[in-house]
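Reviewing the structure listed below.
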Amino acid sequence: MPTETIGTQHQFGYEWAAYPEIVPLYKEQFRRWLGPFPLEGFKGKRFLDGGCGIGRNSFWALSEGAQSGIAIDYDDRTVAVARKNLATFPNCDVRFQSIYDFDEIAVVDVAFSIGVIHHLADPRKALERLVNAIVPGGTLIVWLYAREGNELFLSVIDPLRKLVTSRLPNFVTHWIAFCLTVLLKGYLALPHKRPYELLLRGHSFRQLEAIVLDQLIPSIAHYWTADEIRALISDLPLSNVTLTHTNKMSWTLTATRA
């Protein structure tokens, strides 16, 4: 396991321990992150959630009638929260496990990874593991940060993350996140047209603070162009590859396991 990834996972473990709850608006977020794959498409399917966090995405897949789920993450605090949130679903196996170490072959119908691959030191290896887990004809879904649509963010906030907040003690970064969330609330009160800002308006201050903290703490955060994502999956056994510019600021990659 690359040391950079271990550091990032522990940073997210702090976040998920601080914000463990699943709120209804997460369902709409997940629906958007799935791109053209319908949330209802999980019914009767076996899935792998690569980097499950608090289990919020697995929760909605299971609620839609998934046959079974495997939810994995690589921080003790994160896994403990996910197990609690998914305790009502005995058909979901929540594991302390890295995506890099998932070596089961053709065991699920759908493998998804939401907001994880762009934080990894070796994203290609993680994608290979996800693809290998899918049965032929099954579906891969990966949600990734986009460079397109984030130009202002990348020129202002991301340098702050790289040079300052990802290096600070988590409680200090948490305080900075609170201050920035106050500014974000004011910004969201202005007129907006972009889908993501309109979605954010529905969040409470606490959930907005969690989103801001999520942007400030990771030591690794890749923002990829569409062409870079296509290069990242080149030579993988995939067909029907689709890239959706989700919320005009991220990419949802969907593909069929050939």
Side-chain angles (χ1 to χ4, degrees), residues 1-2 4-6 8-9 12 30 33-53 55-62 64-76 78-79 82-83 86 89-144 220 222 224 228-244 251-258:
M1 172 64 64
E4 303 98 323
T5 305
I6 293 173
T8 298
Q9 287 302 102
F12 282 121
F30 185 44
W33 289 335
L34 291 173
F37 186 89
L39 182 57
E40 298 78 13
F42 281 103
K43 186 174 183 179
K45 298 294 197 328
R46 301 164 297 168
F47 70 81
L48 168 64
D49 182 353
C52 66
R56 61 185 182 183
N57 299 317
S58 289
F59 180 90
W60 301 118
L62 292 161
E64 289 296 328
Q67 177 183 324
S68 63
I70 303 171
I72 63 175
D73 215 303
Y74 201 63
D75 179 87
D76 288 324
T78 302
V79 172
R83 284 177 175 156
L86 299 174
F89 298 101
N91 55 335
C92 188
D93 180 11
V94 183
R95 305 177 185 174
F96 175 85
Q97 187 175 24
S98 165
I99 298 177
Y100 298 138
D101 297 329
F102 193 90
D103 57 4
E104 297 175 46
I105 307 297
V107 293
V108 297
D109 305 295
V110 182
F112 64 85
S113 187
I114 306 298
V116 176
I117 301 299
H118 48 235
H119 292 305
L120 299 183
D122 192 347
R124 169 69 184 208
K125 181 178 180 180
L127 287 167
E128 290 171 355
R129 295 295 191 181
L130 292 172
V131 172
N132 287 342
I134 306 169
V135 298
T139 304
L140 172 71
I141 307 167
V142 182
W143 181 77
L144 304 157
I220 298 173
H222 300 289
W224 284 307
E228 287 170 336
I229 294 172
R230 293 187 184 100
L232 192 62
I233 63 169
S234 65
D235 302 325
L236 289 177
L238 298 170
S239 61
N240 304 319
V241 175
T242 300
L243 278 177
T244 304
W251 291 112
T252 298
L253 164 71
T254 55
T256 302
R257 173 67 161 90

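The structure displayed is predicted, hence computed values, not measured ones.
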Any side-chain heavy-atom pair of Phe47 and Leu62 under 4.5 Å: yes
Ser113 side-chain N/O to Gly50 backbone N/O, donor-acceptor pair under 3.5 Å: yes
Sub-4.5 Å side-chain heavy-atom contact between Phe89 and Ser58: no
Aromatic plane relationship, Phe112 with Phe42 - under 30° parallel, 30 to 60° tilted, over 60° perpendicular: perpendicular
Aromatic ring pairing His118/Trp143, orientation class (parallel under 30°, perpendicular over 60°, tilted between): perpendicular
Steps toward side chain to side chain contact (heavy atoms under 4.5 Å, CB included) verdict (Glu64, Lys43): CA-CA 6 Å; Glu64 289 296 328; Lys43 186 174 183 179; 5.6 Å; no
Between CG on residue Leu144 and CG on residue Leu232, distance to nearest 0.5 Å: 7.5 Å
Nearest heavy-atom neighbours spanning Ala133 and Leu48: CB-CD2, 3.9 Å
Full working for side chain to side chain contact (heavy atoms under 4.5 Å, CB included) between Arg257 and Val131: CA-CA 7 Å; Arg257 173 67 161 90; Val131 172; 3.5 Å; yes
Check: Arg124 and Asp235 side chains under 4.5 Å, non-hydrogen atoms: yes
Minimum-distance pair of heavy atoms, taken over all atoms of Thr252 and Gly35: CG2-N, 3.6 Å
Euclidean distance, Lys125 NZ relative to Ser98 OG, rounded to 0.5 Å: 7.5 Å
Distance, nearest 0.5 Å, that separates CG of Asn132 from CD1 of Ile105: 4.5 Å
Heavy-atom check, side chain of Leu243 versus side chain of Arg230, under 4.5 Å: yes
Nearest heavy atoms of Ala66 and Asn91, plus distance in Å: O-ND2, 3.3 Å
Test item: side-chain donor near acceptor, Asp73 and Thr78, under 3.5 Å: no
Interatomic distance, Leu127 atom CG to Leu238 atom CG [nearest 0.5 angstrom]: 8.5 Å
Heavy-atom pair of closest approach, residues Trp224 and Glu228: CA-OE1, 3.3 Å
Exercise: identify the closest heavy-atom pair between Ile141 and Trp33: CG2-O, 4.3 Å
Point-to-point distance, once rounded to the nearest 0.5 Å, from CD1 of Ile72 to CZ of Phe96: 11.0 Å
With sequence neighbours excluded, residues passing side-chain hydrogen bond (donor to acceptor under 3.5 Å, both in side chains) with Arg95: Asp93, Gln97, Glu104
4.5 Å side-chain heavy-atom contact, Val107 and Phe102: yes
Leu253 side, atom CG; Ile229 side, atom CD1 - distance, nearest 0.5 Å: 7.0 Å
Close side-chain approach of Leu130 to Ile117, heavy-atom, < 4.5 Å: yes
Minimal non-hydrogen separation, Ala82 against Gly53, with atom names: CB-O, 3.4 Å
Side chain to side chain contact (heavy atoms under 4.5 Å, CB included) evaluation trace for Asp75 with Phe12: CA-CA 8 Å; Asp75 179 87; Phe12 282 121; over 6 Å; no
Check: Tyr100 side chain, Asp122 main-chain N or O, donor-acceptor pair, under 3.5 Å: yes
Sub-4.5 Å side-chain heavy-atom contact between Val135 and Asp109: yes
